[in-house]
Amino acid sequence: MRPITALRADGMPIGELSRRVGVNIETIRYYEKIKMLPAPGRTAGGHRVYGPQQARILAFIRRGRELGFALDEIRALLDLGGPGKASCAEVRAIAKRHLDDIRAKINDLTRLRRLLGKTIARCSGKKVPDCPVLDILDSQHGKGPLT
């Protein structure tokens, strides 16, 4: 990961961190609560003060989420030592599992697209007692898993 130069975060309050990294304040607090983001220092008045390391970790988490990684996967990557420290083989294994999950989702979506396309084609659009689109949504009429 390239060094963070645009995020000079020395003594930065939570609102500034939120704006610079593009993460909601409540989300920052949540990441602290679940121990993904190290607890920040505090001012004498008790306000959170973030440094460049917290900004970098938060940007890493945000980017991981944008790429569809689950929080547990991002935590595992951070636990490996974070950018520049982790074993490439361990990171590769996590990324491969994520890619496998993406491929499975794409297959599910492809089956769903076919099913929905066929169902819409069967729909006359007129008022009838049985609607194929509603039938596939109704658990009593639906045929179970996507086929």
Side-chain angles (χ1 to χ4, degrees), residues 1-121 123 125 131-147:
M1 177 181 251
R2 63 179 168 68
I4 295 178
T5 54
L7 296 175
R8 297 286 180 218
D10 298 325
M12 188 177 2
I14 194 168
E16 181 66 18
L17 177 68
S18 171
R19 282 187 292 281
R20 287 190 185 189
V21 180
V23 175
N24 189 294
I25 289 172
E26 290 79 21
T27 304
I28 295 170
R29 289 182 183 137
Y30 174 71
Y31 291 154
E32 287 174 25
K33 181 180 175 182
I34 64 170
K35 309 266 190 257
M36 286 191 70
L37 185 64
R42 300 266 181 172
T43 65
H47 296 276
R48 292 173 168 90
V49 181
Y50 297 87
Q53 185 61 21
Q54 283 119 341
R56 185 173 186 173
I57 291 169
L58 186 59
F60 184 86
I61 295 168
R62 187 202 73 231
R63 185 65 179 140
R65 296 297 290 149
E66 288 171 353
L67 293 173
F69 283 91
L71 288 178
D72 286 341
E73 293 170 321
I74 296 169
R75 182 187 307 276
L77 292 169
L78 289 169
D79 287 347
L80 290 173
K85 298 178 185 171
S87 154
C88 192
E90 292 170 303
V91 171
R92 182 181 186 281
I94 292 169
K96 177 153 182 353
R97 282 193 302 271
H98 183 59
L99 180 58
D100 292 343
D101 290 345
I102 290 171
R103 287 180 174 142
K105 287 176 188 175
I106 290 171
N107 287 337
D108 288 345
L109 288 171
T110 300
R111 288 194 305 272
L112 177 61
R113 183 189 69 217
R114 272 186 255 145
L115 175 64
L116 206 49
K118 289 177 187 177
T119 304
I120 290 169
C123 184
C131 173
V133 175
L134 293 177
D135 286 347
I136 66 166
L137 297 173
D138 184 354
S139 63
Q140 291 183 357
H141 291 94
K143 295 181 180 176
L146 302 176
T147 54

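Computation of the quantities below employed the complete heavy-atom set of this structure, encompassing side-chain atoms and omitting hydrogens, waters and symmetry-equivalent molecules.
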- Task: Give a yes or no on whether the backbone of Leu115 and the side-chain of Thr119 come within a donor-acceptor separation of less than 3.5 Å.
- Result: yes
- Query: Do the side chains of Val49 and Pro40 get nearer than 4.5 Å, heavy atoms only?
  - Reply: no
- Message: Given 3.5 Å as the limit, does a donor-acceptor pair link the side chain of His98 with the main chain of Leu67, or not?
- Response: yes
- Query: If we only count heavy atoms from C-beta on, is the Ile57 to Tyr31 side-chain gap below 4.5 Å?
  - Reply: no
- Interatomic distance, CD1@Ile106 vs CG@Leu99, rounded to 0.5 Å, equals 8.0 Å
- Query: Which pair of non-hydrogen atoms, one from Leu17 and one from Ile28, has the smallest distance, and what is that distance?
  - Reply: CD2-CD1, 4.0 Å
- Query: Ignoring hydrogens and geometry, is there a side-chain-to-backbone donor-acceptor pair from Arg62 to Gly22 under 3.5 Å?
  - Reply: no
- Message: If the threshold is 4.0 Å, N to carboxylate O, is there a salt bridge linking Asp100 and Lys96?
- Response: yes
- Taking Arg20 for its side chain and Ala55 for its backbone only, find out whether a donor-acceptor pair lies under 3.5 Å. no
- Is there any salt bridge (charged side-chain N to carboxylate O under 4.0 Å, His left out) pair reaching into residues 25-47, and which pairs are they, with sequence neighbours excluded? Glu32-Arg48
- Gap separating the CG atom of Leu116 from the CD1 atom of Ile120, nearest 0.5 angstrom: 4.0 Å
- Task: Return the minimal non-hydrogen interatomic distance between Leu78 and Met36, and the atom names on each side.
- Result: CD1-O, 4.0 Å
- Apply side chain to side chain contact (heavy atoms under 4.5 Å, CB included) to Phe69 and Asp101, showing your working. CA-CA 10 Å; Phe69 283 91; Asp101 290 345; over 6 Å; no
- Note on the structure: d(Glu16 CD, Ile25 CD1) to nearest 0.5 Å is 10.5 Å
- Item | Reported CD1-to-CZ distance for the pair Ile102 and Arg97, which is rounded to 0.5 angstrom | 13.0 Å
- Note on the structure: The reported gap from CZ in Arg65 to CZ in Phe60 (rounded to nearest 0.5 angstrom) is 13.0 Å
- Minimum heavy-atom distance between Ile74 and Ile61, given as atom pair plus value: CD1-O, 3.6 Å
- Query: How long is the gap from OG1 on Thr27 to CG on Leu37, to the nearest 0.5 Å?
  - Reply: 11.5 Å
